Amino acid sequence: MITGQCLCGAVRYRADTKPLATRACWCRVCQYLGAGSATVNACFRTESVTIEGELRDFSCIAASGNKMHRRFCPICGTQMFSAAESRPHLIFIRAGTLDDREIARPSATIWTAEAPTWACIDPDLENVAGQPPPVV
Ligand SMILES: [Zn+2]
Ligand SMILES: [Zn+2]
């Protein structure tokens, strides 16, 4: 069982499967959400994740053209989840919220074309300049 929570603990979740994919994302929106760095996101089937606690939802059009819902704790502001409106069967969990962050080692870095020149990008990982193909 994979578990996690926001910084203040008002939002908790659990997932009963391993992530389908884990990637670091340097898209422009993630740089806002990640305080200047990439976000690291672990993808799960939505049906495998159970969430407890109140979330706020901020939606906007991503660089991919997808309408994305980004959900966060309204008390502490921690970014928790994102999902594309066109692909509701998948949920992306922000890796910093996992109790065991070791399970979220990224396999690829995406949207590297949007990264600033000082970004630390692991040369050993697959590097995708823009949006990769859908996970499933
Ligand atoms: Zn919180
Ligand atoms: Zn991103």
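Order of appearance sets the numbers: ligands from 1, and atoms from 1 within every ligand. All residue numbers in this chain count up from 1 along the given sequence. Just so you know, these numbers come straight off a predicted model, no measurement behind them.
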Going by side-chain heavy atoms closer than 4.5 Å, which hydrophobic residues are tied to I110, directly or by a chain of links? W111, V128

Near the Zn ion (ligand 2), meaning under 2.8 Å, how many protein N/O/S atoms are there? 3

Rounded to 10°, how many degrees is the angle SG/C8-the Zn ion (ligand 1)-SG/C76?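 Approximately 110° at the metal, rounded to tens of degrees.
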
Quick check on side-chain contact (heavy atoms from CB on, under 4.5 Å): which of L98, T50, I91 does Y13 satisfy it with?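 Between Y13 and the candidates, side-chain contact (heavy atoms from CB on, under 4.5 Å) is satisfied uniquely by L98.
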
Which is it for E126 and R23 under the side-chain contact (heavy atoms from CB on, under 4.5 Å) test, yes or no, and what are the steps along the way? CA-CA 10 Å; E126 182 189 1; R23 303 186 290 214; over 6 Å; no

Using salt bridge (charged side-chain N to carboxylate O under 4.0 Å, His left out) as the criterion, list what pairs up with E102, not counting sequence neighbours.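 Applying salt bridge (charged side-chain N to carboxylate O under 4.0 Å, His left out) to E102 gives none.
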
Just so I know, are the side chains of C60 and R70 near enough to count as touching, which here means a heavy-atom distance under 4.5 Å?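 C60 reaches R70 side chain to side chain.
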
Residues at least two apart in sequence or cross-chain that pass ring pair (Phe, Tyr, Trp, His ring centres under 6.0 Å) with F44, listed by chain then number, are none

